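Reviewing the structure listed below.
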Amino acid sequence: MISDVGFGCFSRKINSGVQLAFQKNLHKEKAASSLSYLDKDVFSSALNQEYKNDISFLGNIQRSIKEAWKDSIVREMIEKSVMCGNFKECPEFGKAFLERIDALCSSKLSNDEIYKELSKFFEKIRPQIDNSFATDDEKRFQRRVGQVKDILGNKKVEIFTDVGCGDGEITSAIGSALKLKKDKVTGLEVYIRPDKTYPFTIKQFDGVKIPLPDNSQDLVTLFTVLHHAENPDGLLKEIRRILSPNGKLIVREFDAKNDSEKLFNVVMDEMLYKVYTSYDGVPVREDGYHSCSEWEIC
Ligand SMILES: C[S@@+](CC[C@H](N)C(=O)[O-])C[C@H]1O[C@@H](n2cnc3c(N)ncnc32)[C@H](O)[C@@H]1O
C-alpha cells in the first residue's frame with residue numbers, strides 16, 4: 001500500500017449522469033485536490049515493491065449491455081444516466097433511446113450487434129439532438145485545469161506529457177494554463193482521433209512503451225486511462241522512466257465500488273466509443289474498473 005499518497009478515484013455521476021462527469025472525490029478530506037499525485041521518488045519505491053505485478057485477483061466481469069439490462073440495479077443506473085445525463089435536454093429522445101435498448105436487449109442479438117444497432121439509431125436522431133445532447137465537456141476541462149494547478153502549486157513545469165490524451169482538449173488546456181509552448185506539450189494515444197487536430201506534439205504508442213527519453217518530463221498526467229490499459233503496471237513503469245528526478249505524475253481513476261458499478265462503467269464506455277462516437281479503436285476492458293481501495297492495493 002502506498003501510504004503517504006492517495007489515489008484520486010471518482011464515481012461516474014449517475015443522477016445527473018453526464019458521460020464523463022464525476023462526483024467529488026470520495027475522500028472528502030481530499031476534495032480540494034480531486035486528483036492525486038506521486039512524486040517520482042515515492043512512485044519509484046512503490047513500484048519497486050514485489051506485490052506490484054499482479055492485479056488479476058481484482059476479478060473479471062465479462063459482461064456487457066445485455067447482462068446489464070437484466071440486472072435491475074445496473075439498468076436503473078443506465079436509465080438515469082440517459083434521462084438525467086446525456087439526454088436531459090431532450091427527454092423524448094432519451095425515452096426513445098431507452099425503448100430501443102429494451103427492445104434490442106430482449107432480442108437474440110449479441111452485445112456487439114446491439115451496440116451496432118444503437119449506433120444506427122443514434123445516427124438517425126443525431127441531427128435532431130445535436131444542440132441538446134449534453135457532454136459537459138467545457139466544465140470538465142476547467143475543473144481539470146484548476147485541479148492540476150492546485151496540485152502543482154509553485155512547482156515549475158517546463159515540459160509536460162499527457163498519457164492517453166483522448167481528443168487532446170484537456171492536454172491543450174493544461175498546456176495553456178502552464179504557459180507552455182506547443183513543442184513542450186506531448187499527447188500520447190493508442191487511438192489518435194481521426195477527426196481531431198492536435199495543437200501539440202501527438203504520438204501514437206502501444207499502450208506501454210513510451211516513445212520519449214528517460215528523465216525527460218516534469219509533469220505526466222494519466223486521466224482515466226488505467227482502466228483501459230491491458231498492462232497498467234508496464235505503463236506506470238514507463239511513466240516512471242520518463243519522469244525527471246523531481247517530476248510529478250498526476251493520476252485520476254474511477255471508483256467503481258461493486259460489481260454493479262463496474263458493469264455500469266463498462267456499458268458507459270461502450271456507449272461512448274461504439275454509439276455516441278465511432279472511436280472504436282479505444283480498447284474497452286471488461287475487467288478494467290476497480291474500487292478506490294483496489295486501485296490503492298495495486
Ligand atoms: C477515458 S479516455 C480519457 C481521455 C483523456 N485523458 C480525458 O481525460 O479526457 C482514455 C484514453 O486512454 C487511451 N489509452 C492510453 N493508454 C492506453 C492503454 N495503455 N491502453 C488503452 N487505452 C489507452 C485510450 O485510447 C483513451 O483515449
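Side chains are part of it too, since the values below use all heavy atoms of this structure and drop only hydrogens, waters and symmetry mates. Every number for a ligand or one of its atoms is a count from 1 in the order of the listing. Model, not experiment: these values are computed from the prediction.
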Between the candidates Arg140, Glu189, Arg193, Glu169, which shows the shortest non-hydrogen contact distance to atom 7 (C) of ligand 1?
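Of the listed residues, Arg140 has the closest heavy atom.
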
Which option out of Pro283, Gly164, Gly234, Gly168 puts a heavy atom nearest to atom 5 (C) of ligand 1?
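Residue with the shortest heavy-atom distance to the ligand atom: Gly164.
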
In ligand 1, which numbered atoms sit nearer than 4.0 Å to a non-hydrogen atom of [X]?
{"X": "Val282", "result": "24 (C), 25 (O), 26 (C)"}
{"X": "Tyr273", "result": "1 (C), 2 (S)"}
{"X": "Gly207", "result": "18 (C), 19 (N)"}
{"X": "Phe223", "result": "3 (C), 6 (N), 8 (O)"}

Which part of Asp162 is near ligand 1, with near meaning a heavy atom under 4.0 Å away: side chain, backbone, both or neither?
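Answer for Asp162: neither.
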
Ring centre gap for Tyr273 and Tyr191 strictly below 6.0 Å:
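No, they do not, as the ring centres are separated by 6.0 Å or more.
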
Taking the six-membered ring for Trp and the full ring for Phe, Tyr or His, determine whether the centres of Tyr289 and Phe254 are under 6.0 Å apart.
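That pair passes the under 6.0 Å test.
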
Can a non-hydrogen atom of [X] be found less than 4.0 Å from any atom of ligand 1?
{"X": "Phe254", "value": "no"}
{"X": "Val163", "value": "no"}
{"X": "Phe205", "value": "yes"}

What distance do Ser64 atom OG and Ile114 atom CD1 have between them, rounded to the nearest 0.5 Å?
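If we round to the nearest 0.5 Å, Ser64:OG and Ile114:CD1 are 8.0 Å apart.
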
Residues in side chain to side chain contact (heavy atoms under 4.5 Å, CB included) contact with Asn215, at least two apart in sequence or another chain:
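Checked Asn215 against side chain to side chain contact (heavy atoms under 4.5 Å, CB included); matches are Lys40, Pro245.
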
Going by atom type alone, with no hydrogens or angles, which donor-acceptor pairs under 3.5 Å involve a side-chain atom of residues 162-169 and a protein atom two or more places apart or on another chain?
unit_1	atom_1	unit_2	atom_2	d
Asp162	OD1	Thr221	OG1	2.7
Asp162	OD2	Thr171	OG1	2.8
Asp167	OD1	Glu169	N	3.1

So does Ser107 get a backbone contact from the side chain of Lys66, meaning a donor-acceptor N/O pair under 3.5 Å?
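Here the side-chain-to-backbone pair exists.
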
Does Asp112 pair with Lys274 as a salt bridge, N-O distance under 4.0 Å?
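Here Asp112 pairs with Lys274 in a salt bridge, since their nearest N and O are under 4.0 Å apart.
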
